[in-house]
Amino acid sequence: MSAQTVQQGRQARSRVAHFRLDVAEWTVLRRALLSRVPAAVTPVGFAPEAFGLDPDEPLTADERARAWASLQLRGLATHTPRRDDVTALTPSCVLGMLMLLESDVRVDVSSWSGDVVVNESVAWSAGRTAALARRRRRVRTPGGGTVLEQEPVVEVSLSAAGGLLAQVMHALPHHVGGPPADRSPVRVGWPESAAIAQALRLGREDVALHLSGLPASALSVLGAVSTELTGGACVSAARRHDDGALAFHGVWLWTEADVVELVDATTHGVTLRRTDLLRVRNGLLTALTGLLHAEEVL
């Protein structure tokens with residue numbers, strides 16, 4: 001794969017490939033993968049309509065031809081097919097990318113930090129991981145509203161040696177803050193909790209935007225050092241054969257000095273608990289090792 005950056009990990013087999021696809025390249029690649037598994041669905045937030053494209057005819061003939069030609073230059077495709085088909089992809093590309101449709105475990109991350117919103121989906125199967133990520137930026141309109149302006153890029157990461165936890169942590173806000181002095185949970189009720197509770201139940205990919213409506217008064221009750229939100233994250237994990245039921249779901253908010261965990265959200269309120277990034281990582285580690293082998297999580 002000529003356009004990939006391959007890094008050597010702590011083991012000889014620990015090969016990680018990173019590359020970036022534009023929206024047209026990702027669109028034809030996605031349709032080719034779905035030709036192998038027609039009943040499958042790609043992660044939420046990565047379908048053509050998520051990029052403002054027509055779901056049935058997302059590209060013109062010229063755009064499609066250019067996308068396949070670019071995949072060939074990258075070493076991901078062998079030729080331009082008459083129809084978007086998996087037989088046009090290289091074997092290594094198919095091996096890595098099909099995990100996104102047929103993974104044993106999938107972890108979805110929705111986060112925001114400052115003005116940047118990140119959606120990432122990480123698939124794990126047989127000790128390998130494949131991840132998709134896209135970023136959007138919140139910008140103000142002349143009328144004073146806020147819209148999401150998306151980067152026309154899908155970031156792909158393929159690993160032959162696990163690394164699931166590191167991939168998930170990479171999508172979270174990186175501000176650490178200090179260790180919390182008091183982790184006593186506080187139950188807070190406010191009107192916006194109904195919207196947050198609904199977003200959590202549905203695993204909405206835009207849940208981070210709902211969480212940004214948390215009022216400063218809630219954090220003041222909790223005793224947070226700072227009440228201005230700087231980021232948030234929602235992490236969901238599900239097994240392939242559990243009928244879509246979530247095996248894990250976690251939600252956190254970041255301020256300049258604290259990380260706050262949200263638990264037990266209902267239509268009447270939510271429980272808040274101060275924590276820190278290390279405890280967030282340890283909680284994710286515990287949850288993920290319950291889904292797969294510990295050495296493949298790290």
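Scope of the values below: all heavy atoms of this structure, side chains included, with no hydrogens, waters or symmetry mates. Bear in mind the structure is a predicted one, so any value in this text is a computation, not a measurement.
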| message | Strictly by salt bridge (Lys or Arg N to Asp or Glu O under 4.0 Å), give each pair with a member in residues 142-157 just once, sequence neighbours left out. | response |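 The answer is Arg20-Glu155, Arg135-Glu155.
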| note | Applied to residues 75-99, the salt bridge (Lys or Arg N to Asp or Glu O under 4.0 Å) test, sequence neighbours excluded, yields Arg31-Asp84, Arg64-Asp84
Whether the side chain of [X] engages the backbone of [Y] through a donor-acceptor N/O pair (distance < 3.5 Å, no angle test) should be reported.
X	Y	value
Gln167	Leu164	no
Arg281	Met169	no
Ser70	Ala67	no

| query | Side-chain contact, heavy-atom cut-off 4.5 Å: Leu89 with Met97? | reply | no
Quick one: list whatever passes salt bridge (charged side-chain N to carboxylate O under 4.0 Å, His left out) with [X], sequence neighbours left out.
X	answer
Glu120	none
Arg106	Asp108
Arg36	none

| message | For residues Phe46 and Leu59: do they belong to one hydrophobic cluster (side chain heavy atoms under 4.5 Å, members Ile, Leu, Val, Met, Phe, Trp, Tyr)? | response | yes
| query | Salt-bridged, Arg279 to Glu261, with N to O below 4.0 Å? | reply | no
| By side-chain hydrogen bond (donor to acceptor under 3.5 Å, both in side chains), which residues pair with Ser113, not counting sequence neighbours? | none
| task | Any chance you could measure Leu272, atom CG, to Leu253, atom CG, to the nearest 0.5 Å? | result |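 Those atoms lie 8.0 Å apart.
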